[in-house]
Amino acid sequence: DTEVTQTPKHLVMGMTNKKSLKCEQHMGHRAMYWYKQKAKKPPELMFVYSYEKLSINESVPSRFSPECPNSSLLNLHLHALQPEDSALYLCASSHIDRVDTEAFFGQGTRLTVV
Amino acid sequence: SQQGEEDPQALSIQEGENATMNCSYKTSINNLQWYRQNSGRGLVHLILIRSNEREKHSGRLRVTLDTSKKSSSLLITASRAADTASYFCATDAFSQGGSEKLVFGKGTKLTVNP
């Protein structure tokens, strides 16, 4: 199984809502990542978890709250988002948190904030 | 901050032709990766080349790296309609906390016409 599964595929939420994005992998990878991608732009790193510990937070606003309940799961909790937060949110995993390892990406969650 | 910049931004070719995309970067790197992204979907790893390598092949893909010019190229030979996608180079850079992270270039949108 070389898949990273993200749910939901699409999400529309209001600015006062609380929602969560989920990501799952069963490849035994110990590094997991959240990226944000705006239209026609490259993915931008948000968070990195290494061995279930947050290792990188790229100064992401606190309305985005990551969580890694175990080595296979990664969540991104959303609260009080703004319309400019609408984007494709990509989860990725790799064997370990090293930039010379292949990252496996999920298909993303297309988020629209209204 | 963005490290790599792809050129051209968009490329349209006929099936069977070769496609060449270039990536230039600003600071010294240890590795460079190429990824493909079909429209609005997740990224797929294509190839990784290390700073001490000059060329790598994978099927119809050929990647070169010229560290003196801080540039890399991706050649897709005998292109197919299924190669239509955006192609990103990714290089190592430092996160705000000092850890290494992968930074994606702006990407080249390749269209292969049947």
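Computation of the quantities below employed the complete heavy-atom set of this structure, encompassing side-chain atoms and omitting hydrogens, waters and symmetry-equivalent molecules. In what follows, every chain begins at residue 1, and chains take the letters A, B, ... in the order their sequences are listed.
Taking CD of B:Q9 as the reference point, atom NZ of A:K40 lies at 10.5 Å (rounded to 0.5 Å). Atom CZ of A:F105 and atom NE2 of B:H45 lie 10.0 Å apart (nearest 0.5 Å). A:E58 contributes atom CD, which lies 9.0 Å from atom OG of B:S99 (distance to the nearest 0.5 angstrom). Interatomic distance, CG of B:L48 versus CG of A:D100, reported as 6.5 Å (0.5 Å rounding).
For A:Y35, the part sitting under 4.5 Å from any heavy atom of chain B is the side chain, from C-beta outward, and nothing else. Looking at A:R98, neither its backbone nor its side chain comes within 4.5 Å of chain B, counting heavy atoms on both sides. Looking at A:Q37, the atoms closer than 4.5 Å to chain B (heavy atoms on both sides) all sit in the side chain, from C-beta outward.
Of the listed residues (B:A90, B:S86, B:G40), the greatest number of heavy-atom pairs within a distance under 4.5 Å of chain A belongs to B:G40.
With B:E100 as reference, A:V99 is the one residue of A:V48, A:V99, A:D97 to meet the side chain to side chain contact (heavy atoms under 4.5 Å, CB included) rule.
By the 6.0 Å contact criterion, NZ on A:K38 is enclosed, its count of non-hydrogen atoms from other residues, nucleotides or ligands being greater than 12. Within a 6.0 Å radius of NZ in B:K56, more than 12 heavy atoms belonging to other residues, nucleotides or ligands are found.
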Q | Full working for side chain to side chain contact (heavy atoms under 4.5 Å, CB included) between B:L102 and A:L45 | A | CA-CA 8 Å; B:L102 210 55; A:L45 184 66; over 6 Å; no
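Using non-hydrogen atoms only and a strict 4.5 Å limit, the part of residues 31-39 of chain B facing chain A consists of B:N31, B:Q33, B:Y35, B:Q37. Residues from residues 61-78 of chain A never place a non-hydrogen atom less than 4.5 Å from a non-hydrogen atom of chain B.
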